Amino acid sequence: MAHKILVTGGTGYIGSHTVVELQKSGFEVIIIDDLSNSRQQVVTQIEKITGIKPDFHKINLCDHSKLRSFFNSHNDIDGVIHFAALKAVGESVRFPLIYYNNNLQALINLLDSLAILRCNNIVFSSSCTVYGEPEKLPVTEESPIIKASSPYSNTKQICEEIIEDVSRITPLRSIILRYFNPIGAHESGLIGELPIGKPNNLVPFITQTAIGKQKTLEVFGNDYNTPDGTCIRDYIHVVDLAQAHVSALQRLFNKEHESRVETYNLGTGRGYSVLEVLNTFEKVNNIKVSHTFSQRRPGDVPAVYANVDKAKTKLKWVATKSLEEMLSSAWLWEKNLSEGILRK
Ligand code: UD1
């Protein structure tokens, strides 16, 4: 019998790609999402890729009674991947209570329900943002966690702590995945990132400028102490990232984990500057993107990239897709979106 996996936030950007990889690996997937930052149409898109329609439930995890009744009728779930969370850094600074309430309450309600259900396997979606501005590069999982620079980042740190505290006194087994910079889209061009309003992140801003939705890309700062003066990040293809979730679950199910909570960096281990990303995008897609240089964005760190040795040895996972593949898939998705792929 296939393992049944609950994916919270399964219609979101990373969630939807993970659902596809789970289905391809033979897992049965159930999605919970409140659609606050995604669309139900994504469920159909997933079906177009895999031929399997995931079971979908529109639920906000903060609604404890609705969640309880969901679990009453789904008491045979073997594992959970928890993505559902608010994720805009700037917005979290403006609305801290909304972020704390949503991101913490959702996890608390979920863990509470899982304990009742005796479902003990959880994979949690965290971020390299917990390392802040690292003293040493590349960043290992042992690098210090520094005081969070935004409420969003703080919710990731606190959620990691909640998982550790609960794992200490219950049979819960957890894998915490710290993502570097996920970009790109599924090679089919059927699912991808769906930023609402003006994008905050680099690649959606590049693709929207290329398609004409944004006028000009602002490169935030070209006076950093890096080879070309622009910031360096560890960009990772979202499909590689999704596959790491499958490896994490398999490790839990195979009982290969060495402690109740394991933490992994997910990146490629290699950094690219903003200008390298921009130039590669232009080259691989044969299109020009209008850009200007502007002030540094507050809160940006000059360079972050991962040491990924731990994921390689323990999860037996490595990112395999190139920056070119990330940026050509992102462009295919943007073009499909502008042609109304989600309306078809
Ligand atoms: C951001 C979040 C991080 C989150 C990650 C998800 C912040 C401070 N951090 O990381 O918590 O996990 O997204 O992908 O927001 N850039 C431009 N012009 C733009 C947009 C970005 O030059 O219009 C530059 C930025 O200055 C940065 C790089 O591109 O150097 C990457 O930015 P972005 O995609 O926003 O990711 P992060 O800031 O690294």
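As the structure lists them, so they are numbered: ligands from 1, and atoms in each ligand from 1. These figures come from a predicted structure and were not determined experimentally.
Listed by number with element, the atoms of ligand 1 under 4.0 Å from a non-hydrogen atom of Asn200 are 20 (C), 35 (O). Atom numbering of ligand 1 starts at 1 in the shown order; those under 4.0 Å from a heavy atom of Thr129 are 11 (O). Close contacts of ligand 1 with Ser127, meaning ligand atoms under 4.0 Å from a residue heavy atom, involve 12 (O). Listed by atom number, the atoms of ligand 1 under 4.0 Å from Val219 heavy atoms are 22 (O). The contact set between ligand 1 and Cys231, taken as ligand atoms under 4.0 Å from a residue heavy atom, comprises 30 (O).
At a heavy-atom cutoff of 4.0 Å, ligand 1 is contacted by no atom of Phe180, backbone or side chain.
A salt bridge between Arg178 and Glu160 is present, with a side-chain N of the basic residue lying under 4.0 Å from a carboxylate O of the acidic one. Between Glu258 and Lys314, at least one side-chain N (NZ, or NE/NH1/NH2) sits under 4.0 Å from a carboxylate O, which counts as a salt bridge. Electrostatic pairing of Glu21 and Lys24 counts as a salt bridge here, judged by a charged N lying under 4.0 Å from a carboxylate O.
In the candidate list Lys87, Glu218, Lys156, Gln214, Glu218 is nearest to atom 18 (N) of ligand 1, counting heavy atoms. Between atom 24 (C) of ligand 1 and the options Val274, Val301, Leu275, the minimum heavy-atom separation is to Val274. Comparing Asp300, Ile232, Val130 by heavy-atom distance to atom 25 (C) of ligand 1, the nearest is Asp300.
Taking only nitrogen or oxygen atoms, main chain and side chain alike, Phe220 reaches within less than 3.5 Å of ligand 1. Below 3.5 Å of separation, one finds an N or O of Leu202 facing an N or O of ligand 1.
Taking the six-membered ring where the residue is Trp, His57 and His74 present perpendicular rings, their angle passing 60° and hence far from 30°. The aromatic rings of Phe83 and His245 are tilted relative to each other, their planes meeting at an angle between 30° and 60°. Aromatic ring orientation, His186 versus His17: tilted (interplanar angle from 30° to 60°).
Side-chain atoms of Tyr13 come within 3.5 Å of backbone atoms of Ile183 as a donor-acceptor pair (strictly under, hydrogens ignored). Side chain of Asn307 to main chain of Val139: no donor-acceptor pair is present (N/O by atom type, distance under 3.5 Å, no hydrogens or angles).
Atom 11 (O) of ligand 1 has Tyr152 CE2, 3.3 Å as its closest protein atom, hydrogens excluded (heavy atom only). The shortest contact between atom 10 (O) of ligand 1 and any protein heavy atom is with Asn181 ND2, 3.9 Å. When hydrogens are left out, the protein atom nearest atom 32 (O) of ligand 1 is Arg297 NH2, 3.4 Å; that is the closest non-hydrogen contact. At the top of the distance list for atom 31 (C) of ligand 1, counting protein heavy atoms only, stands Tyr235 OH, 3.4 Å. Among protein heavy atoms, the minimum distance from atom 2 (C) of ligand 1 is reached at Val89 CG2, 3.7 Å. The protein heavy atom nearest to atom 13 (O) of ligand 1 is Asn201 ND2, 2.9 Å.
More than 12 non-hydrogen atoms from other residues, nucleotides or ligands lie less than 6.0 angstrom from NZ of Lys310. Heavy-atom contacts from other residues, nucleotides or ligands closer than 6.0 Å to CD of Glu187 number 12 or fewer.
Ligand 1 lies nowhere less than 4.0 angstrom from a heavy atom belonging to Tyr179. Within the 4.0 Å heavy-atom cutoff, Phe293 does not count among the residues contacting ligand 1.
A cation-pi arrangement is present between Arg270 and Tyr272 under the rule of less than 6.0 angstrom and at most 45 degrees off the ring axis.
In terms of heavy atoms, Ile77 sits closest to Cys119 at O-SG, 3.5 Å.
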